[in-house]
There are 2 protein chains.
Amino acid sequence: MGSKRSAKDQLIETASRLFRLRGYHGVGLKEIIEESGTAKGSLYHYFPEGKEQLAIAAIEHTKNFVSDKVQEDLAEAADPINAIQGHIQKLAQEFNKDSVFGLPIGTIAGETYLTNEPIRAACQSVFDEWQRLYEEKLLSSGYSEKQSADYALVLIALIEGGIILSIASKSGEALSRIASQIPLLIKK
Amino acid sequence: MGSKRSAKDQLIETASRLFRLRGYHGVGLKEIIEESGTAKGSLYHYFPEGKEQLAIAAIEHTKNFVSDKVQEDLAEAADPINAIQGHIQKLAQEFNKDSVFGLPIGTIAGETYLTNEPIRAACQSVFDEWQRLYEEKLLSSGYSEKQSADYALVLIALIEGGIILSIASKSGEALSRIASQIPLLIKK
DNA sequence: TCCGAATTATAACGACCGGTCTACTTATAT
DNA sequence: ATATAAGTAGACCGGTCGTTATAATTCGGA
């Protein structure tokens with residue numbers, strides 16, 4: 001069914017990347033079409049409701065893309081403190097070798113939470129899922145249910161906020177310094 | 001010289017508010033002009049370089065606006081933990097009585113950090129200033145220089161990230177739960 | 001092979017974008 | 001009072017936005 005990567009997949013991947021880098025209103029359909037090597041006809045064939053529908057699919061893609069990376073990193077150490085610290089350090093390193101990944105969901109959330117309810121809801125579900133990943137890691141390491149849930153919330157906020165600081169300063173230093181403080185912040 | 005609030009001030013205040021609520025590309029000049037009760041002629045009289053110049057002035061306004069509130073809240077308790085906790089709790093409360101203030105700078109930073117260097121630099125300087133406020137509070141309470149700087153960074157990330165989670169979930173709960181964990185996170 | 005459906009390619013549309021320009025009104029100073 | 005500047009109002013421009021419509025092409029099963 002189609003080549004290894006269908007036009008639909010190309011559109012979703014490209015939209016996911018561009019929306020991460022410049023937000024929802026900062027990216028036009030023209031650019032998504034050009035960069036994905038598809039055409040306007042394909043876009044409206046697979047996403048008849050247009051930009052909003054594509055954005056929701058792109059948000060879902062970002063959710064899975066990031067979730068995979070988080071699970072991978074968290075599995076690298078049994079101790080959750082080491083695992084989480086390593087994960088954030090990796091984010092910082094990716095920043096410094098400017099493989100730009102942008103602010104995953106926060107930008108779109110900030111642009112649309114008052115004006116586009118379907119997109120806002122999609123963003124909320126992404127954060128819920130990411131939190132769950134950290135929560136489970138902490139739970140399986142003997143943290144209490146309350147501690148796991150609360151620390152997971154703190155971690156998501158720290159990471160999302162840390163990425164903001166790193167993109168604003170064009171340096172992974174902020175994320176790196178946050179990573180180095182994780183052992184002080186997360187204690188059983 | 002002009003009425004109590006000049007057209008220039010009205011433009012800056014309105015732009016500051018709207019950019020906070022919907023980001024840079026999500027707000028048009030037409031809307032800024034209408035909501036501020038001014039005219040396009042005035043906008044380009046005071047900001048001959050257009051939207052970008054207005055945005056930088058609006059970012060500066062947001063910086064001062066938030067700085068004032070932070071300093072006020074931090075002065076309410078001698079103990080920095082109580083003061084910071086109280087500050088974040090207040091943010092959470094403002095959220096619940098939906099006096100929308102938006103994600104102060106993060107959205108604009110995420111939209112523009114790759115494409116508009118002057119705006120990106122303005123955003124960076126805002127975070128630097130806000131960090132300084134927390135850092136000084138901690139320093140004056142006997143925290144070491146390194147601890148003060150590191151905790152200030154963590155606090156900015158936590159708050160900016162917490163606001164993202166609160167806007168995405170349309171609830172101050174995320175910020176409130178983060179506030180309640182501050183004593184565990186910030187220890188001398 | 002052939003037919004119908006799926007997919008792709010483009011032209012065109014109205015709406016709106018940021019920005020420019022000019023005319024008009026208001027304030028300031030002598 | 002008058003000259004000069006400061007500020008305001010809004011029509012207008014080219015370009016781009018998301019969307020629609022239609023034609024051409026490719027694909028899949030009988």
Side-chain angles (χ1 to χ4, degrees), chain A residues 1-19 21-59 107-108 111-112 114-120 122, chain B residues 1-19 21-59 107-108 111-112 114-120 122:
Chain A
M1 199 188 288
S3 58
K4 19 183 144 172
R5 282 151 108 201
S6 67
K8 186 178 182 182
D9 289 341
Q10 291 283 5
L11 283 166
I12 291 174
E13 284 169 32
T14 304
S16 164
R17 192 181 84 254
L18 291 178
F19 286 148
L21 297 183
R22 304 212 298 277
Y24 182 70
H25 292 110
V27 179
L29 296 185
K30 180 165 176 271
E31 193 178 357
I32 294 173
I33 288 158
E34 281 169 0
E35 286 217 21
S36 64
T38 60
K40 203 159 266 197
S42 302
L43 196 160
Y44 279 90
H45 176 74
Y46 293 109
F47 305 97
E49 288 164 49
K51 191 181 189 183
E52 175 185 307
Q53 193 182 3
L54 173 60
I56 289 172
I59 288 166
T107 308
I108 299 186
E111 285 177 287
T112 63
L114 286 175
T115 52
N116 191 312
E117 179 61 18
I119 292 184
R120 193 224 102 236
Chain B
M1 197 187 289
S3 57
K4 21 185 143 170
R5 283 149 111 201
S6 68
K8 186 178 182 182
D9 289 341
Q10 291 283 4
L11 283 166
I12 292 175
E13 286 170 30
T14 304
S16 164
R17 194 182 83 252
L18 291 178
F19 287 148
L21 298 183
R22 303 213 299 276
Y24 183 71
H25 292 111
V27 179
L29 296 185
K30 180 167 175 269
E31 192 178 358
I32 295 173
I33 287 158
E34 282 170 0
E35 286 217 20
S36 64
T38 60
K40 197 162 268 195
S42 301
L43 196 161
Y44 278 90
H45 176 74
Y46 293 109
F47 304 98
E49 288 163 49
K51 191 182 189 182
E52 175 185 307
Q53 193 182 3
L54 173 59
I56 289 173
I59 288 167
T107 307
I108 299 185
E111 284 177 288
T112 63
L114 286 175
T115 53
N116 192 313
E117 180 60 19
I119 291 184
R120 193 225 101 237

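Order of the sequence lines sets the chain letters (A, B, ...), proteins ahead of strands, with each chain counted from 1.
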To the nearest Å, give me how far apart [atom1] ([X]) and [atom2] ([N]) are.
X: B:Y44; N: C:dG19; atom1: OH; atom2: P; result: 4 Å
X: B:Y24; N: C:dC17; atom1: OH; atom2: C1'; result: 12 Å
X: B:L54; N: C:dC17; atom1: CG; atom2: C1'; result: 15 Å
X: B:I33; N: C:dG18; atom1: CD1; atom2: P; result: 9 Å
X: A:E34; N: D:dT16; atom1: CD; atom2: C1'; result: 12 Å
X: A:K40; N: D:dT20; atom1: NZ; atom2: C1'; result: 10 Å
X: A:F47; N: C:dA6; atom1: CZ; atom2: P; result: 17 Å
X: A:L43; N: C:dA6; atom1: CG; atom2: C1'; result: 16 Å

With sugar-phosphate meaning primed atoms plus P, OP1 and OP2, does B:K30 contact a base, only sugar-phosphate, or nothing at under 4.0 Å between heavy atoms?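 Sugar-phosphate contact only.
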
Base, sugar-phosphate, or nothing for A:Y46, non-hydrogen atoms under 4.0 angstrom?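 Sugar-phosphate only.
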
Under 4.0 Å between a side-chain N/O of A:S42 and OP1 or OP2 of C:dT8, yes or no?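 So the side-chain polar atoms of A:S42 do come within 4.0 Å of the phosphate oxygens OP1 or OP2 of C:dT8, strictly under.
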
Is the shortest side-chain N/O distance from A:H45 to OP1 or OP2 of C:dT8 below 4.0 Å?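 No, no such contact exists.
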
Taking the side chain from A:S36 and the backbone from A:I33, do they hold a donor-acceptor pair closer than 3.5 Å?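 Here the side-chain-to-backbone pair exists.
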
Distance, nearest 0.5 Å, that separates CG of B:L21 from OG1 of B:T107: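 Those atoms lie 9.5 Å apart.
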
If I take atom CG from residue A:N116 and atom CD1 from residue A:I108, how far apart are they, to the nearest 0.5 angstrom?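 One gets 10.5 Å once the value is rounded to the nearest 0.5 Å.
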
Selection from D:dT20, C:dG18, C:dT8 that lies nearest to any side-chain heavy atom of B:L29: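 Out of D:dT20, C:dG18, C:dT8, the nucleotide with an atom closest to B:L29's side chain is C:dG18.
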
Could you walk me through whether B:E31 and B:R22 pass salt bridge (charged side-chain N to carboxylate O under 4.0 Å, His left out), step by step? CA-CA 12 Å; B:E31 192 178 358; B:R22 303 213 299 276; 2.4 Å; yes

